[in-house]
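Reading through the structure tokens given below for one structure.
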There are 2 protein chains.
Amino acid sequence: MVTTAGRAPQRSPRRASISDVAQEAGVSLGTVSNVLNRPDRVSPTTRGKVLAAIEHLSFVPNGSARQLRAGTITTVGAILLDIANPFFTEVARGIEDRLAQADHTLMLASSDEDPEREARYLRLFEEHGVLGMLVTPASTDLEPLLELSRRGVGVVLLDRTSPAEELSSVAVDDVAGAAMAVEHLLSLGHRRIAFINGPQSIAQCVDRRAGMVRALEAAGLDPDEAMVEITVSSLNAEGGEAGVTELLAAGTAPSALFCVNDLTALGAMRALRSHGLAIPADMAVVGYDDVNFASMLMTPLTSVRQPTRQLGEVAADLLLKAAGPGMAAPQRIQFQPELVVRASSGGAH
Amino acid sequence: MVTTAGRAPQRSPRRASISDVAQEAGVSLGTVSNVLNRPDRVSPTTRGKVLAAIEHLSFVPNGSARQLRAGTITTVGAILLDIANPFFTEVARGIEDRLAQADHTLMLASSDEDPEREARYLRLFEEHGVLGMLVTPASTDLEPLLELSRRGVGVVLLDRTSPAEELSSVAVDDVAGAAMAVEHLLSLGHRRIAFINGPQSIAQCVDRRAGMVRALEAAGLDPDEAMVEITVSSLNAEGGEAGVTELLAAGTAPSALFCVNDLTALGAMRALRSHGLAIPADMAVVGYDDVNFASMLMTPLTSVRQPTRQLGEVAADLLLKAAGPGMAAPQRIQFQPELVVRASSGGAH
DNA sequence: TTCTGCCTGTGAACCGATTCAACGACGACA
DNA sequence: TGTCGTCGTTGAATCGGTTCACAGGCAGAA
């Protein structure tokens, strides 16, 4: 690591304000504001003088003051579970695209599955006076979000349905997705299946577990017998590695493994390999999300695909509609997932 | 896609303000403010009454008003080239960690390598009155950033060194990294090497190209002969696929391929495979960034590793130091990269 | 008893924009 | 020449906090 230092710059004493511009241009305060917001009400000569002054002072309006007075809101907040997960970055893309079209902007934050961090960002965004928030909740308690909504802040749940009718939500049917994944493994003859899952405070973990249980029961199996559940603390590659280590340490490992998401599966496969186990011969693996590199892995990963980008787009639309004039009623939208079979489950022909 | 609608909620007429709280608690405006900011100056009884009123009205202070008056700034903006790239999300993690320690918060944005989007976010952040910004510039023109810095907004260049001495920067030596990658391919006997690169408006693309040229010349080769450069418009998997398609269409493909980053390499490998070419037998591939899944790919990817998280941490530190009291002089910090040899180059033993 | 000093609490001024009632100038029209 | 309408511009009020000079009350010291 090499460092070099330059000269310390002068920090300018104060940002130019609208009255500095007015003085420089020899007009009144209100006129400058008019140039900014209703240029057609100002004569071309005056407008020219004001614009020249703005340029000269490199004036940038103070957003705090504007928002305080006018309540003009064009910012939307999004709090995602894990920004390092390609699934969520793709969702963010969808959101951002839609917001940009509507001339709004996105403030992004990652709760890292930590309810405290989530609460911090919720508060920050509310203080900032955002139009609304798109949230993938890190906890089961939706009360803070309901309160937020009652206080007039638009809230849309992302990748999570709400038991309460008061919140809009956009989600994919995780129960069905997990059931499909497990049915696939069952159809390949597996009768005991490990499940690397995250904490039950996260809705996705609850739903995917439910889907697994449903599939097992539908096949006449007792989940207590057929499902070997391992709970890890974080839904990423590290979690997956830890899960497999725990699974193998317990002995009598099942012949198949279902992971709560693809990052977890990535870590799990890494750990399986380092223990000398072949995929899918020694252990079949199925993930969830179908992230962009799933098909390119050493053993291409069987996974459950979701309409990721669309999820973000629809969520953004919902928020804009709900927060705009007219205040649309809350809507719950649910997409259906799709199983993509590849080599890791041994099911590809 | 299934949708259900609930009841439309009441939007509350107005957020509670500090004077509502004061009235409810039967104290003056200033006292409420004191409870919020200097609780020790208020007697326990009064404090209790005020806190009860705050709770009762579920009062949340208006950040715009606070910032307008007090200039209290605890928000930092970051504009990254591509938020879907694991390299940048890891950098963002580093930034966020450091900021959280200092009780600051991060507003994240992705320019998607588009200078216009970058400009929009620069303006948005400045209007919002951020303490400073961490920017991976999408264009070679640093003038807007220099102006920003002169206006008193902290600016730190991320993954990019500045020719101007006035800006702080944190970067990795891309010229050296690319040279290492190409030297590696040369040492394996390749004499013509394809290079899938991005637009020259992006500094990383310029530097990595320079590193490649340097390595070729050092080996006594003529870059015009030995380097087959293909320029793609976006530095992601789609770009990589397009690049390989173009390369193969031109005929007489080289025996090795250096990609400007790992996502590009991912797409390139996908395209090579779909054209029936074996890696590394028909085409050796080297990427850049060593993203987390590089080692887990069908053919594990040889890549150039950078101290990603540290990059973000150091950048955040620099900004906090530069923007804090004392105004430290601008610093330029440069890390050294490291080549990680795996199977995709055929160089792993 | 009076004075001093500390502790609480008050309320007006202020941050930088937006908005709007009001005003002056000017041309049109009777 | 007098009246009216239009257009362009003005400046005060306002948003919701923070800050600070100051006032009132009470205890301890003289």
Side-chain angles (χ1 to χ4, degrees), chain A residues 12-51 53-54 57-75 123-124 126-130 151-152, chain B residues 12-51 53-54 57-75 123-124 126-130 151-152:
Chain A
S12 57
R14 202 174 50 84
R15 255 166 85 166
S17 84
I18 205 172
S19 65
D20 296 329
V21 174
Q23 195 169 7
E24 169 98 8
V27 298
S28 91
L29 243 156
T31 302
V32 178
S33 178
N34 280 334
V35 169
L36 260 41
N37 302 300
R38 290 177 298 279
D40 46 311
R41 294 172 82 88
V42 180
S43 74
T45 19
T46 317
R47 202 189 312 152
K49 279 192 295 182
V50 172
L51 289 176
I54 287 178
L57 299 173
S58 62
F59 161 76
V60 176
N62 180 321
S64 301
R66 164 177 298 170
Q67 180 156 321
L68 174 59
R69 180 60 236 255
T72 315
I73 331 183
T74 54
T75 310
R123 192 182 165 91
L124 176 80
E126 185 177 8
E127 287 187 6
H128 247 293
V130 297
R151 256 179 262 144
Chain B
S12 57
R14 201 174 51 84
R15 254 166 85 165
S17 84
I18 206 172
S19 64
D20 297 327
V21 174
Q23 196 168 6
E24 168 98 7
V27 298
S28 90
L29 241 154
T31 303
V32 178
S33 178
N34 280 333
V35 169
L36 259 42
N37 302 300
R38 290 179 297 279
D40 46 310
R41 295 173 81 87
V42 181
S43 74
T45 19
T46 317
R47 202 189 311 152
K49 280 191 296 182
V50 172
L51 290 176
I54 287 178
L57 298 172
S58 62
F59 162 77
V60 176
N62 180 321
S64 302
R66 164 177 298 170
Q67 180 157 322
L68 174 58
R69 182 57 238 251
T72 315
I73 329 182
T74 54
T75 310
R123 193 182 164 91
L124 176 80
E126 184 177 8
E127 286 187 7
H128 249 295
V130 296
R151 255 180 264 145

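Letters A, B, ... mirror the listed sequences (proteins, then strands); counts begin at 1.
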For this session: Report yes if a side-chain nitrogen or oxygen of A:N37 is closer than 4.0 Å to either non-bridging phosphate oxygen (OP1 or OP2) of C:dT18; otherwise report no.
Result: yes
For this session: Let me have a per-nucleotide readout for nucleotides 6-13 of chain D, 5' to 3', with B, S or -, counting only protein heavy atoms under 4.0 Å.
Result: --SSBB-B
Can you tell me how far [atom2] of [Y] sits from [atom1] of [X], rounded to the nearest 0.5 angstrom?
| X | Y | atom1 | atom2 | result |
| --- | --- | --- | --- | --- |
| A:E126 | B:N62 | CD | CG | 10.0 Å |
| B:E127 | A:T74 | CD | OG1 | 8.5 Å |
| B:K49 | B:S43 | NZ | OG | 7.5 Å |

For this session: State which residue, out of A:V35, A:N34, A:V42, A:L36, fulfils the side-chain contact (heavy atoms from CB on, under 4.5 Å) condition with A:V50.
Result: A:V35
Problem set entry | A:H128 side chain reached by B:H128 side chain, heavy atoms, under 4.5 Å | yes
Could you state the atom-to-atom distance from [atom1] of [X] to [atom2] of [N] in whole Å?
| X | N | atom1 | atom2 | value |
| --- | --- | --- | --- | --- |
| B:R38 | C:dC7 | CZ | P | 15 Å |
| B:K49 | C:dG9 | NZ | P | 8 Å |
| B:L36 | D:dT19 | CG | P | 11 Å |
| B:H128 | C:dA17 | NE2 | P | 15 Å |
| A:L68 | C:dA17 | CG | C1' | 8 Å |
| B:E127 | C:dA17 | CD | C1' | 11 Å |
| B:N62 | D:dC15 | CG | P | 12 Å |
| B:I18 | C:dG11 | CD1 | C1' | 13 Å |

Looking at every heavy atom in both [X] and [Y], which two are closest together, and how far apart are they?
| X | Y | value |
| --- | --- | --- |
| A:E24 | A:A53 | CG-CB, 3.5 Å |
| B:R15 | B:P61 | NH2-O, 3.2 Å |
| A:V32 | A:I18 | CG1-CG1, 3.3 Å |

For this session: Could you pull out all residues at least two apart from B:Q23 that satisfy side chain to side chain donor-acceptor pair (under 3.5 Å)?
Result: none
Exercise. For the helix from C:dT1-D:dA30 to C:dA30-D:dT1, what is the angle between the axes at its two ends, each from 5 pairs, rounded to 10°?
Worked result: 60°
